[in-house]
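In what follows, a single structure is set out as structure tokens and then discussed.
First listed ligand is number 1; within each ligand, the first listed atom is number 1.
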Amino acid sequence: MPERFLLLLGLQLAGGALGAWLGGAWGAAAGVALAAWLGLGWESRRALRVLRWLRQDGAPASVPALRGPWGEAADRMQRLLRQQQQQVAAGDARLQEFLAAMQASPNGVVLLDAQGRIEWCNQTAARHLGLDPVRDLLQPIGNLLREPAFHAYCTAGDFSDELLLPGRSSTPTRPVRLSVRLYPYGQGRQLMLSRDVTAIEQAEAMRRDFVANVSHEIRTPLTVLTGFIETLQTLPLDAAERTRYLELMAQQGRRMQHLVQDLLTLSRLEGSPLPGLDEWTPVSVLLRRCQEEGAALSALLTPAGAPPHVLRFPPEAEWDRYGEIAGAAAELQSALSNLVTNAVRYTLPGGRITVSWQPMPAGGARFTVSDTGPGIAPEHLPRLTERFYRVDRSRSRESGGTGLGLAIAKHALQRHGAHLRIRSTLGQGSEFSADFPASRLRGV
Ligand code: ADP
């Protein structure tokens, strides 16, 4: 600063001296004035260069190379500008990270301004609510979500609970349920979260159905039992009648026992860890037990004098070649026996039941039970493994069914890497099979 002042003073003195030499006192005055104007013009030019540099759009490239106060001012301004740009860039990066995190959220997120207009929404919310994250920006959410329940929720202003709405992609065959909730924040703004609760709702409905089914299954034999007990208590029955009643009561007791047993098996299957590869059971042991149970049930269900079921198993001499299978023996036995006893139960005596165990060329083996029973209509096939689903209720009950057999079998097989496949033709018979992976077989 002082050097600029001295420079200007020097210029004026030189101008004055030159003026005085050329034209006396007037010349000296004119020389000083001219020198002052020259100095001023020079400074204005430098100031203009700084101004032009500042007027450039975006980040000004290089600072004008100036010395003195204008150069320093330009340097300082450039430093300030850089700092500001860095702050803006850091803020922008943080915002992008934040938005990316909200984008990754499994829940739908919508940011609403104080007028209820969409400021931002993630892809999940767009999918849930049928929004377009770009086109619908600044659109009032009430115009896009036209459910009366949502309108009532917004006007009531009580957001302490979530609201259940049908999802945008909901169809009668595939209903989608959403849980939506508003969270006020800032100055009148709202955060709207949406969650797909279809699976939770379905599980809840299944739980309710299950409890209702179990209660129903237990209530029926209980009603029969209490009826018989009252009869025994009030009527003077002879010994033969008493014996008959007691036998009927025992039947109902057994039915309840089977049901409770099956329920316990199901809950064990659901609650226990997957069977490992450390317990090995010879396939022949499983087949023998299937054969014994099938034959015993057939004898029980065949009326005196009628021909029993024809039970066909592979020749016993081959059984040892089937090797061993890894997993929980009790679970495997229950699944395989169930398929065999079902075939016996649903096929009329005299009908044929064929059981096979076929090692497969690519490794693994297929267990198959086919029968010449009534067959199952195609519409029932996908639902057969649901708990308590029966095609013919009375036939299932008469033959001691609980409606849980195939659900247990499917679950137990799945736990051993096998998939239960059902094929059937109405009026011709059914075929139930399970493919076991090579990893669970040895000694084949
Ligand atoms: P249930 O105890 O009633 O037999 P399951 O779960 O074992 O229950 O079977 C479900 C339903 O599948 C049965 O009620 C029956 O209608 C049908 N089903 C099962 N196996 C056969 C079969 N071999 N032939 C015809 N229908 C069958």
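Under 4.0 Å from ligand 1, the heavy atoms of Asp371 that appear belong solely to its side chain. Only backbone heavy atoms of Tyr389 (N, CA, C or O) come within less than 4.0 Å of ligand 1; its side chain stays farther off.
Phe367 has its ring centre no less than 6.0 Å from the ring centre of Phe432.
For Glu318 and Tyr322, the side-chain atoms include at least one donor-acceptor pair closer than 3.5 Å. Counting only N and O atoms by type, the side chains of Asn107 and Ser105 include no donor and acceptor under 3.5 Å apart. Side-chain atoms of Ser396 and Arg390 include a donor-acceptor pair closer than 3.5 Å. With 3.5 Å as the limit, one finds a donor-acceptor pair spanning the side chains of His128 and Ser194.
Remark: Phe313 engages no residue in a ring pair (Phe, Tyr, Trp, His ring centres under 6.0 Å) (not counting sequence neighbours).
Under the 4.5 Å side-chain criterion, counting only non-hydrogen atoms from C-beta, Ile118 is in contact with Val110. Between Ile325 and Leu286, some side-chain heavy-atom pair lies under the 4.5 Å cut-off.
The nearest protein atom to atom 19 (C) of ligand 1, hydrogens excluded, is given as Asn342 ND2, 3.6 Å; this is a heavy-atom distance. When hydrogens are left out, the protein atom nearest atom 12 (O) of ligand 1 is Leu384 CD2, 3.3 Å; that is the closest non-hydrogen contact. In terms of protein heavy-atom proximity, atom 13 (C) of ligand 1 is closest to Tyr346 OH, 3.2 Å. Annotation: atom 16 (O) of ligand 1 to nearest protein heavy atom, Val391 N, 3.0 Å. Nearest protein neighbour of atom 8 (O) of ligand 1, counting heavy atoms only, is Gly403 CA, 3.2 Å. In terms of protein heavy-atom proximity, atom 6 (O) of ligand 1 is closest to Leu406 N, 2.8 Å.
In this structure, Arg345 counts as a contact residue of ligand 1, since one of its heavy atoms falls inside 4.0 Å of the ligand. Heavy-atom distances between Phe432 and ligand 1 reach below 4.0 Å in at least one pair.
Of all atoms in ligand 1, listed by their number and element, those nearer than 4.0 Å to a heavy atom of Ser396 are 1 (P), 2 (O), 3 (O), 14 (O). Listed by number with element, the atoms of ligand 1 under 4.0 angstrom from any heavy atom of Ile376 are 25 (C), 26 (N), 27 (C). For ligand 1, the atoms closer than 4.0 angstrom to any heavy atom of Asp392 are 16 (O). Under a 4.0 Å criterion applied to the non-hydrogen atoms of Thr402, ligand 1 contributes the atoms 2 (O). For ligand 1, the atoms sitting less than 4.0 Å from at least one non-hydrogen atom of Arg390 are 3 (O), 14 (O), numbered in the order shown with element in parentheses. Which parts of ligand 1 touch Gly401 is read off a 4.0 Å heavy-atom cut-off, strictly below it: atoms 2 (O).
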- Message: Walk me through whether Trp357 and Phe436 qualify under ring pair (Phe, Tyr, Trp, His ring centres under 6.0 Å).
- Response: CA-CA 10 Å; Trp357 180 273; Phe436 290 96; 5.7 Å; yes
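Pairs engaging residues 359-385 under the salt bridge (charged side-chain N to carboxylate O under 4.0 Å, His left out) rule: Arg366-Asp435, Arg383-Glu386 [sequence neighbours left out].
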